[in-house]
Amino acid sequence: VTDPAHPAALDVAPFVRAWTRAVNGTCHVPMTRAEKSEFLRGLAERLAVALVAEPFDATAGYWVATDLVAADFDAPEALGRTIAVVNDRFLTDLGLAETDPHRSGQPNLRARLTDLVQAFATGFARARHDRTFDAQEEIRVAALTARFAAERELRASEARFRYAATHDALTQLPNRALFTQRLDELVAGPPPGARFGVCFIGLDGFQAVKNSLGPYVGDNVLTVVAERLRGFAAESGHLVARLGGDEFAVLVAETTCLDDAVKVADRVAALLDEPIRRGGLELPISARVGVVEQPATGTDTVDVLRAADMTLHWVKADGKARWMVFDPERNAREVARYRLSAAMPTALNRGEFTLAYQPLVNLGDGTLAGLEALARWRHPDHGLLGPEEFVGLAEDTGLIVPLGISLLEEACRQAAGWLAAPNSAPQPLPAAHPPYVSVNLAVRQLRNPGLVGEVAAVLDRTGLVPHRLQLEITESAVIDPATDGDPVSTLQALADLGIRIAIDDFGTGYSNLGYLPTLPIHGIKLARYFLAGTRGRAVAEPTADAFLANLVSLGHTLGLTVTAEGVETATHARRLRAAGCDVGQGWYFGRPELADRIANRVSGPWT
Amino acid sequence: MDRPEWAPEGIDMEQFSAARVYDYMLGGSHNFAVDREAARRGLAAMPDLAIQAQANRAFLHRAVRYLVEAGVRQFLDIGSGIPTRGNVHEVAQRAAPESRVLYVDIDPVAVAHSRQILIGNERATAIQADMRTPEAVLAHPDVRKLLNLDQPVAVLMLALLHAIPDEADPYGMVSRLGDALAPGSYLVVAQASHESRPDVWAQMVEMARHTPYPLSPRSRPEIERFFTGFTLVEPGVVWAPLWHPEHPDDVDDDPGRSSNLVGVGRKM
């Protein structure tokens with residue numbers, strides 16, 4: 001019989017074996033079987049000691065259960081089976097079952113065990129309860145952490161995305177989008193009196209470098225330029241952006257006057273003037289800067305960007321200046337020109353173009369030799385416009401080709417009508433020859449391969465006899481090497497139709513007299529300054545007269561009719577007669593007049 | 001708003017997670033209502049699932065102790081889940097403190113929890129990565145920092161491969177992973193098999209078909225194929241309780257109840 005007074009003598013081994021078997025498989029415990037046995041032995045001994053201790057304290061059961069749960073024996077099954085095996089076997093296995101509860105002086109071990117089991121069950125439930133809450137807290141913290149991490153990552157990727165959307169990939173400089181955004185912010189509700197500047201920077205010579213040395217060197221140059229501009233941005237605090245291609249920009253916030261922006265332009269140009277060397281070559285790159293400086297209030301971002309772009313365009317075209325400041329008047333002119341140019345096709349369709357005629361008078365007898373047709377545009381807003389305001393635009397856009405042929409047709413039809421007009425009858429024609437009509441032919445028209453056919457068709461349709469049509473061309477139209485096609489053959493074909501050809505503004509270009517005898521032409525028109533003698537230094541009148549006489553003589557030598565323009569006075573007319581000139585044209589003989597008015601006057605005399 | 005393509009995965013707490021369901025099966029409380037609901041559905045269809053989870057965990061411990069005794073000091077646990085109740089690093093570092101353990105899971109919550117537990121442990125960490133791109137796992141900076149791939153590594157894939165259907169080429173993934181390992185490395189696989197309970201598993205597969213976690217239980221030969229390039233250690237691919245049991249009592253009369261076939265292979 002075991003002596004309960006000496007608990008160390010109690011042998012818990014048989015109970016531990018039964019307990020281990022009972023709880024095995026109820027829960028996952030990360031211990032080897034031997035470790036489990038060892039662990040449970042420790043707990044069993046604490047229970048045994050508590051059972052026989054004096055005074056008896058049941059709380060030992062509570063703490064044993066707490067430790068059991070802490071070691072992961074925490075499944076409900078582990079609790080149930082432990083209670084069962086303790087109740088069934090604990091006293092028996094420890095040899096304490098024989099004690100007689102009724103013997104006085106002996107503790108009631110069965111009752112004590114019941115108390116221990118009750119404390120054990122309480123401790124187990126509480127430990128498991130706490131453990132569950134701890135685990136729940138842990139997993140919620142983990143979920144929050146994971147969510148924060150995911151959101152942080154999302155924000156980081158959004159930040160990367162925003163960065164990529166607002167920066168240039170090659171140079172990492174802010175791009176056009178960010179530049180525009182900053183400009184938008186700057187002009188949205190600025191403080192009163194605030195001004196700002198924008199510099200658009202273009203690289204001169206960049207395309208040539210890129211084309212000859214390849215895109216890699218091109219990128220290299222852009223990177224070097226960007227690096228210098230980044231340095232400038234750091235020292236000045238101004239926003240520097242790459243707009244695309246070889247164009248960069250600086251936003252100069254808070255200027256006080258134009259000079260603040262110009263200083264930036266100067267500094268940037270100087271920075272980019274430092275040579276860029278690649279592979280032993282010094283690359284011929286320099287900067288041009290277009291500057292805009294203005295009040296921030298009432299400013300439209302798009303207008304500012306356009307103005308800066310326009311100014312950069314000007315400075316590049318200028319070729320000499322390093323920077324240029326936006327000029328609103330020049331801009332207005334260019335805008336007006338652009339608007340005019342854009343309106344021309346519609347105007348042509350609407351028949352807004354018409355002709356005025358200026359007399360060409362035989363100097364010998366004052367009779368009418370012909371009439372020069374001069375283009376006019378009856379513009380709905382601007383009134384009657386002269387050729388100097390739109391013919392150049394029409395040549396740029398190519399509209400001159402259809403416009404020219406349309407005006408030619410009108411001129412021929414009207415010229416044919418003059419003769420038939422009944423109100424020309426009262427006075428007899430002053431000359432044996434009826435007047436011809438002289439029409440200007442633009443370079444682009446002469447290059448048009450269909451020209452000869454179209455002119456022939458016009459003559460057919462209008463019934464004008466070919467020799468009453470004179471076409472005026474400029475020297476450059478014939479001798480300019482840039483002129484493609486074969487203008488001389490075209491002229492020959494026109495001449496073969498019987499049309500008169502005259503060189504207009506003779507002597508104004510870089511005249512090549514050598515070509516003159518070979519051309520199929522009938523006349524030359526002397527520019528007005530041969531009469532006025534005022535191009536550059538004044539020329540003594542006798543010299544001017546002699547020069548004029550020789551020019552006329554030159555024309556006559558080649559069998560050409562010589563016409564003089566700019567006849568404004570009787571003296572002019574006299575000098576021309578003295579020089580032997582054939583025909584005169586100018587205010588002295590009559591200003592250009594619209595077709596309906598000229599019809600009354602086709603019979604002269606024109607003195 | 002649609003989530004843009006460049007945005008990282010968010011955390012969807014409305015969706016159960018395999019890692020947390022598994023924790024519940026093990027008797028853990030690191031789970032949410034949605035996980036417990038999913039676990040109860042699974043247990044209703046197959047009450048032995050809890051046994052499978054425990055058998056799987058017990059095998060993990062035996063396998064890690066086996067590997068430590070075999071001299072392995074580096075562990076790569078892929079699909080490590082909620083790291084409670086005796087993790088690889090606890091088991092391995094108790095037996096050999098210099099052991100290095102890297103946990104990989106696709107579940108960000110499981111990874112966050114692992115990192116909490118591993119705070120202060122310089123030889124163990126957890127990363128979030130997708131096993132379906134083994135190259136990305138191996139190239140992860142933390143993997144490179146913690147593990148020396150020139151030395152043997154034990155790669156553990158427990159209760160993982162049955163989540164990867166054949167169409168996603170799990171064999172290719174395992175073999176690409178195996179190619180990156182030094183000779184003397186080990187591959188440890190435990191995965192569900194239908195062989196002991198074909199009817200129940202047919203039902204389970206059907207049930208899981210339309211969830212984000214479809215199941216692909218495999219036969220013993222199919223599982224043996226994962227060890228191509230490795231030599232299986234004794235006793236080969238067996239039901240989990242039969243692999244190096246500690247005590248005859250740990251093997252019950254019907255080890256197939258675990259539905260869990262396991263094996264350990266060594267790279268030559």
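None of these values were measured; they are calculated from a predicted model. Below, chains carry the letters A, B, ... as their sequence lines are ordered, and counting in each starts from 1. For the numbers below, each heavy atom of this structure counts, side chains included, while hydrogens, waters and symmetry mates do not.
Residues A:V64 and A:F124 fail the side-chain proximity criterion, which asks for heavy atoms closer than 4.5 Å. Side-chain contact check for A:L239 versus A:P174: some heavy-atom pair is nearer than 4.5 Å. Looking at B:P235 and B:L242, their side chains never come closer than 4.5 Å, going by heavy atoms from C-beta outward. At least one side-chain heavy atom of B:T125 sits under 4.5 Å from a side-chain heavy atom of B:L146.
Residues of residues 54-70 of chain B that come closer than 4.5 Å to chain A, counting heavy atoms only, are B:Q54, B:R57, B:A58, B:H61, B:R65, ordered by residue number. Contacts from residues 131-139 of chain A to chain B, taken as heavy-atom pairs separated by less than 4.5 Å, involve A:R131, A:T132, A:A135, A:Q136, A:E138, A:I139 in sequence order.
One N or O on the side chain of A:D168 and one on the backbone of A:T171 form a donor-acceptor pair closer than 3.5 Å.
In this structure, the portion of A:N24 lying under 4.5 Å from any heavy atom of chain B is its side chain and not its backbone. At a 4.5 Å heavy-atom cutoff, the contact between B:N31 and chain A is made by backbone and side-chain atoms alike. In this structure, the portions of A:R140 lying under 4.5 Å from any heavy atom of chain B include both its backbone and its side chain. For A:T20, no part lies under 4.5 angstrom from a heavy atom of chain B. With a 4.5 angstrom heavy-atom cutoff, B:R94 touches chain A only via side-chain atoms. Contact annotation for B:I82: only side-chain heavy atoms (C-beta onward) come within less than 4.5 Å of a heavy atom of chain A.
For the atom pair B:Q52 CD and B:M25 CE, the distance stands at 8.5 Å (nearest 0.5 Å). Remark: A:L113 CG to A:L91 CG distance equals 5.0 Å, nearest 0.5 Å.
Contacts of B:A50 classified as side chain to side chain contact (heavy atoms under 4.5 Å, CB included), with partners at least two apart in sequence or in another chain: B:L43. Qualifying salt bridge (Lys or Arg N to Asp or Glu O under 4.0 Å) partners for A:E227, counting only residues two or more places apart in sequence or in other chains: A:R230.
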Show your working on side chain to side chain donor-acceptor pair (under 3.5 Å) between B:Q93 and B:N121 and close with a plain yes or no. CA-CA 10 Å; B:Q93 290 177 349; B:N121 191 329; 3.0 Å; yes
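Two rings, from B:Y103 and B:H89, have their centers less than 6.0 Å apart. The aromatic ring centres of B:F16 and B:F32 sit 6.0 Å or more apart.
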